[in-house]
Amino acid sequence: MSQDPIPWLILSSIPGLGPVGISTLVDHFKTPERILNTPQQHLKNISGIGPSLARAIAQHKRSEWAQAEILKAKKANIHIVTRSDPHYPAHLCQIFAPPPLLFFRGNLELCNAPTIAIVGSRSFTPYGRHIAYQLARDLTEIGITIVSGLAIGTDTHAHKGALAQHGA
């Protein structure tokens, strides 16, 4: 399967074609390049695709746009890993409809470490702020990586707690 991010990025940008649709198509056609080169009449017969999505896929050849996006990412020191890349986090491959590609900075290997998500309200209590911070701090002390949705609020304090302990 292709590790070239351009066809993955093109597929990801097609309105109405999310990770479930991409997974269905990859299961059937094996590579994103084959999907993008498949005639519309063959695409529409795939379960869950239909005529309008098949038309959008067949007409969606945005390689210049995708190349520009990849260049922007490189300039911002953002790396891209596709689902077919050996560095793609193994845990994500086990979920239903994994993201076709990931944009990241830092150490992607942390995704393979033991992790726990700490998420919560944007409008939190002082007690909630303290618990998120302390829990993350304590967990990173024993080698657990903290993940969250990066929302302002509880998530922020969980990350602050992890970083205070020089954790991940």
Side-chain angles (χ1 to χ4, degrees), residues 1-122 136 144-156 158-159 162 168:
M1 201 180 316
S2 172
Q3 293 178 29
D4 179 5
I6 290 176
W8 290 102
L9 191 56
I10 291 170
L11 286 175
S12 296
S13 70
I14 296 172
L17 183 66
V20 173
I22 292 171
S23 289
T24 300
L25 289 167
V26 168
D27 288 346
H28 189 272
F29 293 103
K30 306 301 180 215
T31 70
E33 292 88 352
R34 285 186 62 200
I35 296 165
L36 292 169
N37 291 317
T38 298
Q40 179 179 337
Q41 62 268 25
H42 296 301
L43 291 169
K44 72 180 180 181
N45 296 324
I46 304 300
S47 175
I49 300 304
S52 61
L53 197 48
R55 187 174 358 5
I57 294 166
Q59 295 173 350
H60 213 72
K61 310 291 184 196
R62 301 181 60 192
S63 64
E64 298 85 22
W65 168 82
Q67 289 169 346
E69 290 300 305
I70 289 168
L71 212 57
K72 281 191 236 176
K74 281 184 182 176
K75 286 180 182 177
N77 198 28
I78 296 170
H79 306 281
I80 303 170
V81 64
T82 67
R83 239 178 69 183
S84 58
D85 192 301
H87 296 101
Y88 189 90
H91 290 75
L92 281 178
C93 291
Q94 297 172 10
I95 67 170
F96 178 72
L101 38 71
L102 301 174
F103 295 79
F104 71 95
R105 279 192 195 151
N107 183 358
L108 187 63
E109 289 302 312
L110 289 173
C111 292
N112 294 319
T115 59
I116 190 165
I118 299 178
V119 295
S121 175
R122 288 189 176 145
I144 305 289
T145 297
I146 306 302
V147 295
S148 84
L150 295 175
I152 294 172
T154 303
D155 301 37
T156 301
H159 283 297

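Atom set for the values below is all heavy atoms of this structure, side chains included, hydrogens, waters and symmetry mates excluded.
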Q. Which is it for Lys72 and Ile78 under the side chain to side chain contact (heavy atoms under 4.5 Å, CB included) test, yes or no, and what are the steps along the way?
A. CA-CA 8 Å; Lys72 281 191 236 176; Ile78 296 170; over 6 Å; no
Name every donor-acceptor pair, under 3.5 Å, that has one atom in a side chain of residues 13-21 and the other anywhere in the protein, sequence neighbours excluded.
residue, atom, partner, partner atom, Å
Ser13, OG, Ile10, O, 2.8
Ser13, OG, His60, NE2, 3.2

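- Taken from CD1 in Ile118 to CD1 in Ile146, the straight-line distance is 4.0 Å, to the nearest 0.5 Å.
- At distances below 3.5 Å, at least one donor-acceptor pair connects side-chain atoms of Arg105 with backbone N or O atoms of Ala76.
- Under the side-chain contact (heavy atoms from CB on, under 4.5 Å) rule, Pro7 has a single partner from Ser63, Ser12, Pro32, which is Pro32.
- Contact record, Pro5 with Leu101: O-CD2, 3.9 Å, taken as the closest heavy-atom pair.
- Using a 4.5 Å heavy-atom threshold, the side chains of Leu92 and Leu102 count as touching.
- Shown here is Ile95, whose CD1 atom has more than 12 heavy atoms of other residues, nucleotides or ligands within 6.0 Å.
- With rounding to the nearest 0.5 angstrom, the CG atom of Asn107 is 9.0 Å from the OG1 atom of Thr145.
- Remark: Thr38 OG1 to Ile49 CD1 distance equals 11.0 Å, nearest 0.5 Å.
- Each ring-ring contact (aromatic ring centres under 6.0 Å, His included) pair with one or both residues in residues 67-117, not counting sequence neighbours, appears once here: His79-Phe104.
- Remark: Ser23 engages Arg83 in a side-chain hydrogen bond (donor to acceptor under 3.5 Å, both in side chains) (not counting sequence neighbours).
- Side-chain contact check for Arg55 versus Leu43: every heavy-atom pair is 4.5 Å or farther apart.
- A donor-acceptor distance shorter than 3.5 angstrom exists from the side chain of Asp155 to the backbone of Gly120, with no hydrogens or angles considered.
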Q. Can you list the steps and then say if Thr154 with Val119 is a side chain to side chain contact (heavy atoms under 4.5 Å, CB included)?
A. CA-CA 6 Å; Thr154 303; Val119 295; over 6 Å; no
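- With values rounded to the nearest 0.5 angstrom, Ser47 atom OG is found 11.5 Å from Asp27 atom CG.
- Taking CD of Glu69 as the start and NZ of Lys74 as the end, the distance is 13.5 Å to the nearest 0.5 Å.
- Of the candidates Leu110, Asn112, Thr115, Pro89 forms a side-chain contact (heavy atoms from CB on, under 4.5 Å) with just one, namely Asn112.
- With rounding to the nearest 0.5 Å, the separation of CD1 in Ile57 from NZ in Lys44 is 13.0 Å.
- Judged as a side-chain contact (heavy atoms from CB on, under 4.5 Å), and not counting sequence neighbours, the contacts of Gln67 are Ile6.
- Under the side-chain contact (heavy atoms from CB on, under 4.5 Å) criterion, Pro39 pairs with Gln41, His42, not counting sequence neighbours.
- Shortest non-hydrogen contact noted between Pro51 and Gln40 is O-NE2, 4.1 Å.
- Lys75 is linked by a side-chain hydrogen bond (donor to acceptor under 3.5 Å, both in side chains) to nothing, counting only residues two or more places apart in sequence or in another chain.
- In this structure, the side chains of Trp8 and Val26 come closer than 4.5 Å at one or more pairs of heavy atoms.
- Between Val81 and Leu108, the closest side-chain pair of non-hydrogen atoms falls below 4.5 Å.
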